[in-house]
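Everything quoted here is computed from the prediction, not taken from an experiment.
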Amino acid sequence: MVGLILAAGASSRLGEAKQLLVYQGQSLLERSIRLAFSVCQEVLVCLGAEVDQSIIIIENLQKEFPDLSFVQVAQWEKGMGESLAVGLKAVDISRDVLVLLCDLPFLTTSHIKNLTSLANPDRAIVASFQGVNSPPVLIPTALRPLFNHWSGDQGLGKFWRQNPMLCEIVHFSDKFRDVDVPEDRKYWGI
């Protein structure tokens, strides 16, 4: 399984690059990379905005995680779907992919291990936090072709809404609260 971290956005609603924010002593990007490596053998990070500072974080972590790499998303401004498409194309088609975002401070290794333990070759495994579906999402090899023409601002929400029979939802009692606006930053003490 390959971890795919989407960290290309400019965080326009927040007003600064969320992947670089520090939470509990590490950047949100570093935190998400460490979470991904708790279950994945390889991790690929999709970069766009703030690429230079993100590359520094990745290069420092490559000493600890030699199977960490990144890809630059040329048209990252188009949205999350563009990053997802570029990332999936960069991962061998024969591999399952665990898609993560870097702006979910509540996410733990326990969540990821629980989710990936339910791997199914025919269904995507989607996390749901108090009824809010969100990455992490495990995309099995069999479903990867459905994303061949993904682009623009088509996040994963479109996939699970249009293909409910291809998804297994894993319910967690944790409240969903990402880092999108300044109030979220205050909430998380970032």
Discussion item. In terms of relative ring orientation, are Phe37 and Phe65 parallel, tilted or perpendicular, with 30° and 60° separating the classes?
Written reply: parallel

Item to complete: Classify the ring geometry between His111 and Phe106 as parallel (under 30°), tilted (30 to 60°) or perpendicular (over 60°).
Response: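 Because their plane-to-plane angle is over 60°, the rings of His111 and Phe106 count as perpendicular.
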
Rounded distance [0.5 Å steps], [atom1] in [X] versus [atom2] in [Y]:
X: Ile57; Y: Arg31; atom1: CD1; atom2: CZ; answer: 14.0 Å
X: Leu28; Y: Tyr23; atom1: CG; atom2: OH; answer: 9.0 Å
X: Asp178; Y: Cys102; atom1: CG; atom2: SG; answer: 10.5 Å
X: Leu4; Y: Leu84; atom1: CG; atom2: CG; answer: 6.5 Å
X: Glu30; Y: Asn60; atom1: CD; atom2: CG; answer: 8.5 Å
X: Thr141; Y: Asp92; atom1: OG1; atom2: CG; answer: 8.5 Å

Closest contact, heavy atoms only, [X] versus [Y]:
X: Arg144; Y: Arg95; result: NH1-O, 2.8 Å
X: Leu104; Y: Ser134; result: CD1-OG, 3.9 Å
X: Ser128; Y: Asn133; result: OG-OD1, 3.0 Å
X: Asn120; Y: Asp122; result: OD1-N, 2.8 Å
X: Ser83; Y: Ala8; result: OG-CB, 3.3 Å
X: Lys78; Y: Gln75; result: NZ-OE1, 2.9 Å

Any donor-acceptor pair under 3.5 Å from [X] side chain to [Y] backbone:
X: Gln62; Y: Leu68; result: yes
X: Gln72; Y: Gly48; result: no
X: Arg185; Y: Ile190; result: yes
X: Lys18; Y: Asp103; result: no
X: Gln19; Y: Ser27; result: no

Taking side chain as C-beta onward, heavy atoms only, is [X] less than 4.5 Å from [Y]?
X: Glu183; Y: Arg177; result: yes
X: Leu98; Y: Leu115; result: yes
X: Cys46; Y: Val71; result: yes
X: Val181; Y: Asp184; result: yes
X: Thr109; Y: Leu35; result: yes
X: Leu166; Y: Leu146; result: yes
X: Trp160; Y: Val137; result: yes
X: Pro136; Y: Leu107; result: yes

Same cluster for [X] and [Y] if Ile/Leu/Val/Met/Phe/Trp/Tyr side chains link at under 4.5 Å?
X: Leu118; Y: Leu138; result: yes
X: Phe176; Y: Ile169; result: yes
X: Val179; Y: Val22; result: no
X: Ile112; Y: Val132; result: yes
X: Val73; Y: Ile56; result: no

Practice prompt. Begin from the C-alpha positions of Ser54 and Leu20 and carry the test side chain to side chain contact (heavy atoms under 4.5 Å, CB included) through to its verdict.
Written response: CA-CA 7 Å; Ser54 296; Leu20 304 177; 4.0 Å; yes

Item to complete: Test Val51 against Trp76 for side chain to side chain contact (heavy atoms under 4.5 Å, CB included), laying out the working first.
Response: CA-CA 11 Å; Val51 70; Trp76 59 268; over 6 Å; no

